[in-house]
Amino acid sequence: MSGHVVPIRTYFTIFILLMVLLFITYAASLVNLGPHGSLNLAIAMTIAIVKATLIILFFMHVKYSSRLVWVYAGASFVWLLIMFAITFGDYLTRGWMPVSHY
Amino acid sequence: MAETALEAHAEHYTHAHQFDDYAQQTESVFLGMWAFLATEVLFFGALFAAYFVYRYLYYDAYAASATEYLNTGLGMVNTLVLLVSSFTMALGVHAAQMGNRAKTSLYLIATILLACVFLGVKVVEYKAKYDHHVMPGMATFGEDFAHEADMKDIDVNHARVFFSLYFCMTGLHALHIVIGIGALLTILFLNQRKWFSPSYYSPVEMVGLYWHFVDVVWVFLFPLLYLIPKVHQ
């Protein structure tokens with residue numbers, strides 16, 4: 001919670017980490033990882049999630065906040081995952097079941 | 001020197017009357033802001049869901065369009081600009097916590113300037129899309145495809161879906177940047193009028209939360225739109 005003052009050094013370290021992760025993302029995009037580059041998306045998204053987590057925990061002070069704030073911050077992404085799971089579940093399972101054509 | 005009403009408000013602030021103490025008040029402010037950010041996550045999330053569905057269905061069009069028409073260099077510049085702006089915003093909140101008004105204003109101005117650079121780059125990119133006839137809605141959409149090696153075999157309607165999502169997602173994001181600039185200017189103005197102090201700086205922190213959220217959205221937009229691997233072998 002905002003009573004806590006985060007030292008500037010911490011902000012700077014996180015900032016450098018974010019820069020490094022950005023360049024790793026770019027470097028990884030130049031190579032085709034996994035068979036036919038199928039892993040590229042997973043790796044890019046993993047790095048993006050790490051960056052987002054760093055921003056949320058440190059720049060947005062969630063790390064220094066109460067459990068309740070953690071729940072509110074986390075809830076956003078839980079709802080997002082529900083939307084993704086059901087939407088993608090629909091498209092990814094098309095053609096799995098025989099359909100009546102009458 | 002007599003204190004202005006604003007200075008008195010800042011210096012002697014304890015808490016609003018409906019709260020037990022300042023700690024409870026700041027926690028409420030955080031919770032309210034995150035409730036709003038949750039709606040924003042879902043707002044952008046719906047576009048991301050659409051993006052992923054059509055990436056699954058029209059991958060070839062995605063990869064070819066991104067490779068041919070999206071400038072990775074400019075995307076990197078914009079990502080860097082926003083990451084630095086998040087850093088300056090965090091430093092601005094820190095300065096407000098320490099009661100350093102001059103530094104707070106300086107960091108807010110830096111954040112605003114970086115935001116404007118971001119928008120400038122976006123303008124350049126959108127103009128390039130217009131020049132290459134890949135803005136959905138143009139009568140001439142896709143007229144270059146026949147001449148481009150990468151785009152020859154791509155269904156123009158599939159490419160249209162990609163660019164519609166590109167413009168909707170980056171456009172919505174740019175709109176959030178514009179609104180963020182407005183919020184930053186408001187906080188800057190209030191700070192100049194000595195509205196904030198170490199006892200009262202929540203608005204600065206909350207605008208910071210909004211700004212970091214905008215940065216997080218771009219952190220996902222960049223790899224998804226600009227770094228699509230070339231077509232599978």
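Interface summary for chain B: among A:Ile55, A:Asn40, A:Ile47, the most heavy-atom pairs under 4.5 angstrom belong to A:Ile55. Comparing A:Thr87, A:Leu41, A:Asp90, A:Leu18 by how many heavy-atom pairs each has under 4.5 Å with chain B, the most go to A:Leu41. The choice from B:Leu80, B:Val93, B:Thr72 that makes the most heavy-atom pairs within less than 4.5 Å of chain A is B:Leu80. Among the candidates B:Ala49, B:Ala35, B:Pro223, the residue making the largest number of heavy-atom pairs closer than 4.5 Å to chain A is B:Ala49. The candidate from B:Leu37, B:Ile228, B:Leu31, B:Val29 with the greatest count of non-hydrogen atom pairs under 4.5 Å with chain A is B:Leu31.
Ring centroids of B:Tyr22 and B:His15 are separated by 6.0 Å or more, keeping the two rings apart. Between B:His158 and B:Tyr54, the distance separating the two ring centers is not shorter than 6.0 angstrom. Between A:Phe59 and B:Trp211, the gap from one ring centroid to the other reaches at least 6.0 Å. A distance of 6.0 Å or more separates the ring centres of A:Tyr72 and B:Phe30. Taking the ring centroids of B:Phe196 and B:Tyr201, they lie at or beyond the 6.0 Å cut-off. Ring pair B:His173/B:Phe118: centre-to-centre distance below 6.0 Å.
Of the atoms belonging to A:Phe84, it is side-chain heavy atoms, and not backbone ones, that fall under 4.5 Å from chain B. Contact annotation for B:Met33: neither backbone nor side-chain heavy atoms come within less than 4.5 Å of a heavy atom of chain A. If you measure heavy-atom distances from B:Phe48 to chain A, the contacts under 4.5 Å come from both the backbone and the side chain. At a 4.5 Å heavy-atom cutoff, the contact between A:Ser29 and chain B is made by side-chain atoms alone. For chain A, the nearby part of B:Tyr56 is the side chain; its heavy atoms alone come within less than 4.5 Å. Of the atoms belonging to A:Phe88, it is side-chain heavy atoms, and not backbone ones, that fall under 4.5 Å from chain B. Neither the backbone nor the side chain of A:Leu21 has a heavy atom closer than 4.5 Å to any heavy atom of chain B. For chain B, the nearby part of A:Met83 is the side chain; its heavy atoms alone come within less than 4.5 Å. If you measure heavy-atom distances from A:Phe58 to chain B, you find no contacts under 4.5 Å at all.
Residues A:Ala73 and A:Val62 approach most closely at CB-CG2, 4.4 Å, considering heavy atoms. Here the closest heavy-atom approach between residue B:Ser28 and residue B:Phe19 is recorded as OG-CE2, 3.2 Å.
Within a 6.0 Å radius of CZ in A:Arg94, other residues, nucleotides and ligands contribute more than 12 heavy atoms.
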